[in-house]
Amino acid sequence: MSSSLHPMLNVAIKAARAAGSIINRAALDIESVRVAQKQVNDFVTEVDRAAEEAIISTLLTAYPGHGILAEESDQEHGAKNSDYVWIIDPLDGTTNFIHGFPVYCVSIALAFKGKIEHAVVYDPTRNDLFTSTRGRGAFLNERRIRVSKRTQLKDCLVSTGFPFRPGDNFRAYMRMFSEITQRTAGVRRPGAAALDLAYVAAGYCDGFFETGLSIWDVAAGSLLVTEAGGLIGNFTGEADFLEQRECLAGNPRAYGQLVSILGKYSKFATTENKMLVDQEAKTDNDSEITD
């Protein structure tokens with residue numbers, strides 16, 4: 001831990017590394033990890049829970065007066081009415097993890113009065129540590145990172161996440177996917193949203209979009225993106241997105257162009273835009289029937 005970092009960020013780093021150690025040990029023998037299914041295509045393991053317990057223990061030992069919002073325990077811990085709330089995803093990318101696909105991470109953010117102030121995204125497979133404190137920039141392994149400088153969407157690489165939850169509108173997503181694919185240099189689906197956002201912050205990807213995400217998926221990554229000079233919000237470009245289950249991020253130029261494409265698919269889109277999407281869907285269905 002660095003003496004130059006904010007004490008709260010140092011504690012978050014300690015917690016993330018503790019969780020990462022648990023994950024790495026378990027990764028050596030994936031076949032023995034017990035897996036439970038929360039819902040269709042949504043899994044939780046004993047490793048998720050052990051990592052979460054390690055994080056909570058580390059945070060509350062240092063700051064017993066803080067609150068904690070954690071994914072796997074599905075409840076708040078610590079002080080219930082604190083202005084400080086830690087937002088935790090102990091293993092983002094569980095499906096990747098249980099298949100031995102090495103793209104997953106630990107995500108920890110600290111919100112003060114609802115605003116994210118500190119963030120850690122830790123990739124234990126690569127020992128990559130993404131950190132940020134509001135107003136102090138974003139870093140990867142203590143090296144300053146910035147979003148990419150690409151200005152034309154045709155040159156951009158965009159990451160996404162496929163819908164997999166019951167009730168997700170897969171047809172609408174495929175129309176989004178089709179539009180983005182035809183306008184960019186490529187689309188990737190790594191499978192861990194927190195890491196996707198960290199990669200936007202580092203300039204590895206120029207943009208990212210996904211629906212259905214929870215606050216613990218995006219809290220830490222959102223600060224990394226903005227502190228690296230990027231923009232993040234919902235599909236219409238509104239910045240107050242953390243609990244809207246709709247996330248779009250990118251470098252400033254890519255972000256603006258992605259909003260112009262994805263805005264009409266937002267649940268906050270204008271009635272006119274929603275009618276346009278419905279008409280496009282009807283046209284697609286009619287074409288399928290004709291074919």
Side-chain angles (χ1 to χ4, degrees), residues 1 5-24 26 36 38 42-97 103-125 128-134 161 191-198 201 210 212-225 241-243 245 247:
M1 292 186 293
L5 298 179
H6 192 285
M8 292 180 184
L9 184 60
N10 268 329
V11 170
I13 291 170
K14 179 181 178 181
R17 289 196 182 280
S21 295
I22 292 170
I23 293 166
N24 278 341
K38 294 191 285 188
D42 194 3
F43 303 94
V44 61
T45 71
E46 58 189 336
V47 180
D48 294 72
R49 295 190 174 105
E52 185 170 284
E53 289 173 7
I55 293 169
I56 291 172
S57 175
T58 301
L59 297 177
L60 290 185
T61 296
Y63 299 105
H66 287 191
I68 291 180
L69 178 60
E71 177 181 12
E72 301 310 340
S73 52
D74 199 28
Q75 60 181 311
E76 293 186 20
H77 299 260
K80 301 302 181 186
N81 299 309
S82 177
D83 286 336
Y84 291 94
V85 178
W86 295 93
I87 305 167
I88 302 165
D89 191 339
L91 178 51
D92 187 26
T94 300
T95 301
N96 286 347
F97 172 76
V103 181
Y104 43 80
C105 65
V106 180
S107 178
I108 304 174
L110 177 63
F112 176 66
K113 294 185 177 180
K115 181 176 290 188
I116 308 300
E117 295 293 333
H118 303 285
V120 174
V121 172
Y122 179 52
D123 176 352
T125 68
D128 277 346
L129 183 72
F130 297 86
T131 59
S132 186
T133 291
R134 182 172 294 278
L195 206 52
D196 289 333
L197 291 172
E210 187 170 353
L213 296 172
S214 297
I215 187 170
W216 42 73
D217 296 311
V218 296
S222 68
L223 185 64
L224 290 172
V225 168
F241 78 101
L242 282 175
E243 298 189 69
R245 303 182 71 80
C247 181

If you define the side chain from C-beta out and look only at heavy atoms, does anything of [X] sit under 4.5 Å from [Y]?
X      : Y      : answer
Ser214 : Arg245 : yes
Ile13  : Leu129 : yes
Leu224 : Leu197 : no
Tyr84  : Met8   : yes

Restricting to non-hydrogen atoms, name the atom on [X] and the atom on [Y] that form the minimum distance, rounded to 0.1 Å.
X      : Y      : answer
Phe241 : Cys247 : CE1-SG, 3.7 Å
Val47  : Ala26  : CG2-CB, 3.4 Å
Leu242 : Ser222 : CD2-OG, 4.1 Å
Ala15  : Ile55  : O-CG1, 3.7 Å
Leu9   : Val120 : CD1-CG2, 3.6 Å
Val106 : Ala19  : CG2-CB, 4.0 Å

List the residues meeting side-chain hydrogen bond (donor to acceptor under 3.5 Å, both in side chains) with [X], not counting sequence neighbours, and say none if there are none.
X     : result
Glu46 : Arg34
Asp83 : none
Ser82 : none

Starting at [atom1] of [X], measure out to [atom2] of [Y] and round the result to the nearest 0.5 Å.
X      : Y      : atom1 : atom2 : result
Ile108 : Thr131 : CD1   : OG1   : 12.0 Å
Arg134 : Leu223 : CZ    : CG    : 5.5 Å
Asp196 : Glu210 : CG    : CD    : 7.0 Å
Asn96  : Tyr104 : CG    : OH    : 9.0 Å

If you look only at distance, which donor and acceptor atoms sit under 3.5 Å apart when one is on a side chain in residues 58-69 and the other is two or more places apart or in another chain?
residue, atom, partner, partner atom, Å
Thr58, OG1, Ala54, O, 2.9
Thr61, OG1, Ser57, O, 2.6
His66, ND1, Trp86, NE1, 3.0

Considering residues at least two apart in sequence or located in another chain, which fulfil the side-chain contact (heavy atoms from CB on, under 4.5 Å) criterion with Ala111?
Ile87, Ile116

The side-chain contact (heavy atoms from CB on, under 4.5 Å) partners of Asp89 (sequence neighbours excluded) come to Glu71, Asp92, Ser107, Trp216, Asp217

Checking side chain to side chain contact (heavy atoms under 4.5 Å, CB included) for the pair Glu117/His6: CA distance, chi angles, key distance, verdict?
CA-CA 10 Å; Glu117 295 293 333; His6 192 285; over 6 Å; no

Where the side chain of Asn24 meets the backbone of Ser21, is there a donor-acceptor pair that is under 3.5 Å apart?
no

Please check this pair: side chain of Asp123 against backbone of Asp128, looking for a donor-acceptor N/O pair closer than 3.5 Å.
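It does not hold such a pair.
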
